[in-house]
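Order of the sequence lines fixes the chain letters, A, B, ..., with proteins taken first and strands second; residue numbering starts at 1 for each chain.
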Number of protein chains: 2
Amino acid sequence: MTAKATYHHGDLRNALVETATELVRAGGGESFSLRDAAAKLGVSANATYRHFDSKSALLTAVADVGAEKLGQKMRRKVAEAERQNERGDATTLAIAWFKATGRAYVAFAIEEPEIFRVMYGPHGVCQYARARAGQPPADPTGALILGEAVDRLVSAGVIGPENRAGGDVRAWTVFHGFSSAVVEGASYFPTKAARGQALEELLDFTLRGLGATMLTA
Amino acid sequence: MTAKATYHHGDLRNALVETATELVRAGGGESFSLRDAAAKLGVSANATYRHFDSKSALLTAVADVGAEKLGQKMRRKVAEAERQNERGDATTLAIAWFKATGRAYVAFAIEEPEIFRVMYGPHGVCQYARARAGQPPADPTGALILGEAVDRLVSAGVIGPENRAGGDVRAWTVFHGFSSAVVEGASYFPTKAARGQALEELLDFTLRGLGATMLTA
DNA sequence: GCCGCATGTTCACGGTGTCAACGTCGGAGG
DNA sequence: CCTCCGACGTTGACACCGTGAACATGCGGC
């Protein structure tokens with residue numbers, strides 16, 4: 001933006017996060033190098049230390065914006081689902097909401113596998129939360145929206161109130177497990193369609209596990 | 001064993017894998033260094049290249065023995081469950097079997113978090129399988145035993161035959177998601193008991209998702 | 001207009017994975 | 001029994017990495 005070709009960069013911090021994100025996306029978090037990122041911005045490697053304590057801290061920032069993007073994606077997909085089912089009853093809507101969160105989570109992991117890996121790797125969101133214990137983790141959005149989705153299932157009577165507590169965590173476990181499996185290649189799906197179908201079956205599986213008897217949306 | 005204090009080591013390959021496993025266990029796969037491992041064995045760093053193409057290959061080997069240990073643990077726990085329920089009916093036994101696999105998987109992740117991370121990281125089992133595409137992945141045992149557990153659920157009538165296909169993958173998804181969450185610290189449990197209870201609830205959740213109406217074991 | 005301090009730079013160090021060329025033995029073939 | 005060869009390990013070197021310390025630059029407030 002205000003990129004003056006001068007000694008001072010202007011907004012190096014954000015530029016670094018952005019470039020680092022790009023590099024991670026391209027080559028993975030393992031091969032990412034501080035010097036590369038700096039060089040790509042025409043800046044000396046040590047300049048980064050004015051904005052981040054370490055390479056790890058920069059990767060943590062990358063993970064943070066990743067977490068935020070994930071949250072946004074979940075919000076967006078849920079809003080979209082709501083729009084498409086605006087004429088449906090509460091049950092349909094609640095199920096659509098819930099499934100949208102799961103689809104969004106998995107979709108993010110598929111679109112941004114390397115970022116996803118960093119987010120849940122040693123520099124990621126969780127480590128971040130642990131390091132600054134007391135402060136909230138980087139992405140409350142995702143967790144909150146999932147909690148809200150489960151609340152809606154309860155309100156609509158899709159699942160019993162006894163399944164509210166911990167329901168969001170269990171759902172997250174499934175979504176994350178599937179995403180992780182896909183990203184790491186643990187579960188191989190020959191086609192996109194096969195993977196999609198597996199996900200849909202998994203969503204039904206999850207709803208059933210939460211105590212739902214009605215699964216369609 | 002036959003550790004002659006001579007020029008030639010005797011069994012450097014296995015010694016390297018063992019030492020690497022130890023170092024990873026202690027300091028994590030990120031900080032693991034080839035030179036450290038070699039030094040610990042009183043051997044030059046480049047000696048490793050007679051047995052492994054790269055550092056990554058060595059870590060892959062570490063992941064492989066990890067996968068094998070995981071498989072063994074699952075076998076052992078299942079056998080134990082079978083012994084404890086030898087007087088139970090087929091239903092009880094099938095459920096006990098199934099739950100034992102899940103508990104074993106999670107227990108391994110908790111006992112060996114760093115190895116677990118390496119196993120599902122960039123050098124891990126899945127990458128390994130992909131690299132040598134065509135060859136089976138390092139650990140068929142875990143997958144096989146889980147498949148057998150689901151088969152037993154079907155045979156005992158705990159779940160319907162329509163839930164057999166993909167049931168093992170879905171169960172694995174849950175187990176792995178929970179393990180991953182615990183290892184990465186995404187889900188924090190204040191006490192071991194709380195974590196244990198969450199796992200038990202998750203096992204019931206999984207069975208319900210698979211279509212079971214009876215959950216006790 | 002000057003000066004302080006945030007921001008970048010340069011120089012330096014120890015450590016890492018890996019390549020190339022060279023030693024050293026143990027075991028097979030005469 | 002000797003010889004030699006190939007598997008195994010060594011040394012030296014290189015490029016790259018994260019990071020610390022000391023120095024340079026120039027924008028914003030007095």
Query raised in the report: Which nucleotide in the set C/dT18, C/dT9, D/dC8 lies at the smallest distance from any side-chain heavy atom of A/V43?
Result: C/dT9
Query raised in the report: Rounding to a whole Å, what distance do you find between B/D11:CG and D/dA7:C1'?
Result: 14 Å
Query raised in the report: What integer distance in Å separates B/F52:CZ from C/dG17:P?
Result: 14 Å
Query raised in the report: Passes salt bridge (charged side-chain N to carboxylate O under 4.0 Å, His left out), A/R117 versus A/E114? Steps please.
Result: CA-CA 5 Å; A/R117 257 200 270 261; A/E114 296 298 346; 3.4 Å; yes
Report task. State which of D/dT10, C/dC19, C/dT9 makes the closest approach to the side chain of A/A47. Result -> C/dT9
**Report entry** Residue whose nearest DNA chain D nucleotide is more 5′ - B/L12 or A/D36
**Finding:** B/L12
Report task. Quickly work out the B/L41 CG to D/dT10 P distance and round it to whole Å. Result -> 11 Å
Report task. Return yes when atom CD of A/E18 has more than 12 non-hydrogen atoms of other residues, nucleotides or ligands closer than 6.0 Å, and no otherwise. Result -> no
For residues 21-31 of chain B, dump all side-chain donor-acceptor pairs below 3.5 Å to protein atoms at least two apart in sequence or in another chain.
{"unit_1": "B/T21", "atom_1": "OG1", "unit_2": "B/V17", "atom_2": "O", "d": "2.7"}
{"unit_1": "B/E22", "atom_1": "OE2", "unit_2": "B/K40", "atom_2": "NZ", "d": "3.3"}
{"unit_1": "B/R25", "atom_1": "NH1", "unit_2": "B/E112", "atom_2": "OE1", "d": "3.3"}
{"unit_1": "B/R25", "atom_1": "NH1", "unit_2": "B/E112", "atom_2": "OE2", "d": "2.4"}
{"unit_1": "B/E30", "atom_1": "OE1", "unit_2": "A/H123", "atom_2": "NE2", "d": "3.1"}
{"unit_1": "B/S31", "atom_1": "OG", "unit_2": "B/G27", "atom_2": "O", "d": "2.9"}

Query - Aromatic contact, A/F175 with A/F98 (centres under 6.0 Å) - result: yes
Requested in this report: Measure the acute angle between the ring planes of A/F189 and A/F178, then classify it against the limits of 30° and 60° as parallel, tilted or perpendicular.
Outcome: tilted
Report summary line: Between OH of B/Y49 and P of D/dT11 the distance, given in whole Å, is 17 Å
Query - Residue-phosphate contact under 4.0 Å: A/H51 side-chain N/O, C/dG8 OP1/OP2 - result: yes
Query raised in the report: Between A/H176 and A/F116, is the gap from one ring center to the other below 6.0 Å?
Result: yes
Query raised in the report: Out of curiosity, B/K69 NZ to B/I115 CD1, how far, rounded to the nearest 0.5 Å?
Result: 7.0 Å
Query - Nucleotide C/dC19, atom P - distance to CG of B/L34 in whole Å - result: 11 Å
Report task. Round to the nearest Å and state the distance from B/E30 atom CD to D/dG18 atom C1'. Result -> 13 Å
Query raised in the report: Would you say D/dC17 has OP1 or OP2 under 4.0 Å from some side-chain N or O of A/S33?
Result: yes
Requested in this report: For A/L59 and D/dT19, give me the distance from atom CG to atom P, rounded to whole Å.
Outcome: 10 Å
N/O-N/O pairs, protein side and nucleotides 12-15 of chain D side, under 3.5 Å:
{"unit_1": "D/dG12", "atom_1": "O6", "unit_2": "B/N46", "atom_2": "ND2", "d": "2.7"}

Report summary line: The answer to which of A/R50 and A/S31 contacts DNA chain D further toward the 5' end, by nearest nucleotide, is A/S31
Requested in this report: For the side chain of A/K55, starting at C-beta, report the closest nucleotide among C/dT18, D/dT19, C/dG8.
Outcome: D/dT19
